[in-house]
Participant: 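I'd like to ask you about the structure that follows.
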Amino acid sequence: MAANAEGVPAALREEPVRDDAAVETAEEAKEPAEADINELCRDMFSKMATYLTGELTATSEDYKLLENMNKLTSLKYLEMKDIAINISRNLKDLNQKYAGLQPYLDQINVIEEQVAALEQAAYKLDAYSKKLGNHFYFCFDLM
């Protein structure tokens, strides 16, 4: 085969075309540029630190927000507690006043019952007097 390769003109021989820009040799891949790797590591750690700082700051802000919400809720509950205490106190005062008025209310009920009984007696008396009047008128007419 070597003879065939020698007898063929160079233009017809097929040799792989190499593009040196696209192909790396093993030596180039084994020799890392120390300055570039160190700089990339520093850049990566710097960006990672910035990212983690942002994440921790956001988490911290979330906890501060929750703390403020808890404080406001606590204050609202204290206000509601004060309102409930005032309502309870006013209700006790009203109950005491009602208890103080109860004897008078009982007297009013007794008087109302007596007035109703008196009213019934007055209706009966009125009916009886009309009957009696009619009887006397009838007697006078006969005379």
Side-chain angles (χ1 to χ4, degrees), residues 1-140:
M1 287 210 168
N4 285 343
E6 287 179 359
V8 178
L12 296 176
R13 276 189 252 152
E14 291 185 24
E15 286 188 29
V17 178
R18 286 206 226 155
D19 186 8
D20 287 337
V23 177
E24 292 182 22
T25 62
E27 288 180 26
E28 289 176 338
K30 287 183 180 176
E31 292 182 22
E34 290 293 322
D36 290 340
I37 289 178
N38 288 337
E39 185 62 34
L40 289 174
C41 286
R42 280 191 202 100
D43 186 45
M44 181 194 67
F45 282 120
S46 171
K47 289 180 180 177
M48 194 63 147
T50 302
Y51 169 76
L52 290 176
T53 301
E55 285 292 317
L56 292 175
T57 302
T59 303
S60 174
E61 292 297 322
D62 287 344
Y63 281 121
K64 286 179 185 176
L65 177 64
L66 283 173
E67 181 181 10
N68 288 338
M69 289 172 59
N70 284 338
K71 285 179 183 178
L72 288 174
T73 303
S74 176
L75 289 175
K76 282 292 182 183
Y77 278 126
L78 287 175
E79 288 176 13
M80 291 171 61
K81 176 186 168 193
D82 291 340
I83 290 170
I85 288 171
N86 287 336
I87 289 172
S88 175
R89 187 179 308 127
N90 290 337
L91 186 60
K92 285 180 184 178
D93 290 344
L94 284 175
N95 283 338
Q96 287 175 352
K97 289 177 182 177
Y98 182 77
L101 289 175
Q102 191 60 46
Y104 300 111
L105 295 173
D106 291 341
Q107 286 179 0
I108 290 172
N109 288 338
V110 169
I111 291 171
E112 184 180 8
E113 290 171 5
Q114 289 174 349
V115 167
L118 187 59
E119 185 180 18
Q120 289 299 320
Y123 285 136
K124 287 180 184 178
L125 183 60
D126 185 46
Y128 181 72
S129 64
K130 284 181 184 177
K131 225 180 188 187
L132 193 59
N134 285 340
H135 182 65
F136 279 121
Y137 286 128
F138 181 67
C139 288
F140 284 120

Participant: Mind checking the OG1-NZ spacing from Thr57 to Lys64? Nearest 0.5 Å is all I need.
Facilitator: 8.5 Å
Participant: Given the rule in the side chain to side chain donor-acceptor pair (under 3.5 Å) test, do Glu119 and Tyr123 qualify, once you have shown the distances and angles that lead to the verdict?
Facilitator: CA-CA 6 Å; Glu119 185 180 18; Tyr123 285 136; 3.3 Å; yes
Participant: So, Asp126 and Lys130, do they make that salt bridge, N to O below 4.0 Å?
Facilitator: yes
Participant: From Phe45 CZ over to Met48 CE, what is the distance, rounded to the nearest 0.5 angstrom?
Facilitator: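 Between atom CZ of Phe45 and atom CE of Met48 there are 8.5 Å.
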Participant: For a 4.5 angstrom cut-off between non-hydrogen side-chain atoms, does Leu72 reach Lys76?
Facilitator: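 No, their side chains stay 4.5 Å or more apart.
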Participant: Which heavy atom in Arg89 sits nearest to a heavy atom in Asn86, and how many Å separate them?
Facilitator: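 What the structure gives for the nearest pair is NH1-OD1, 2.9 Å.
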Participant: Distance alone, cut at 3.5 Å: any donor-acceptor contact between the side chains of Asp106 and Gln102?
Facilitator: yes
Participant: What is the distance from atom OH of Tyr63 to atom CG of Asn68, rounded to the nearest 0.5 Å?
Facilitator: 15.0 Å
Participant: Could you measure the distance from the CD1 atom of Ile87 to the CG atom of Leu94? Nearest 0.5 Å is fine.
Facilitator: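 Here the interatomic distance stands at 11.5 Å.
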Participant: Check whether any side-chain heavy atom of Asn70 sits under 4.5 Å from a side-chain heavy atom of Glu67, and report yes or no.
Facilitator: no
Participant: Hey, does Lys81 have a side-chain heavy atom less than 4.5 Å from the side chain of Ile85?
Facilitator: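 SC-SC contact between Ile85 and Lys81 confirmed.
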Participant: What's the spacing between Thr73 OG1 and Met80 CE if we round to 0.5 Å?
Facilitator: 11.0 Å
Participant: Measure the spacing between SG of Cys41 and CG of Asp36 and express it to the nearest 0.5 Å.
Facilitator: 11.0 Å
Participant: Show your working on side chain to side chain contact (heavy atoms under 4.5 Å, CB included) between Lys92 and Asn95 and close with a plain yes or no.
Facilitator: CA-CA 5 Å; Lys92 285 180 184 178; Asn95 283 338; 5.6 Å; no
Participant: At their closest point, which heavy atom of Pro103 faces which heavy atom of Ala99, and how far apart are they?
Facilitator: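 Answer, listing the atom of Pro103 first, then Ala99: CD-O, 3.5 Å.
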Participant: When you measure from the side chain of Ser46 to the backbone of Arg42, do you find a donor-acceptor pair of N or O atoms at a distance under 3.5 Å?
Facilitator: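 No, because the side chain of Ser46 does not come within donor-acceptor range (under 3.5 Å) of the backbone of Arg42.
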Participant: Ser129 side chain to Leu125 main-chain N or O, any donor-acceptor pair under 3.5 Å?
Facilitator: yes
Participant: Are Asp93 and Lys97 within salt-bridge range, i.e. N to O under 4.0 Å?
Facilitator: no
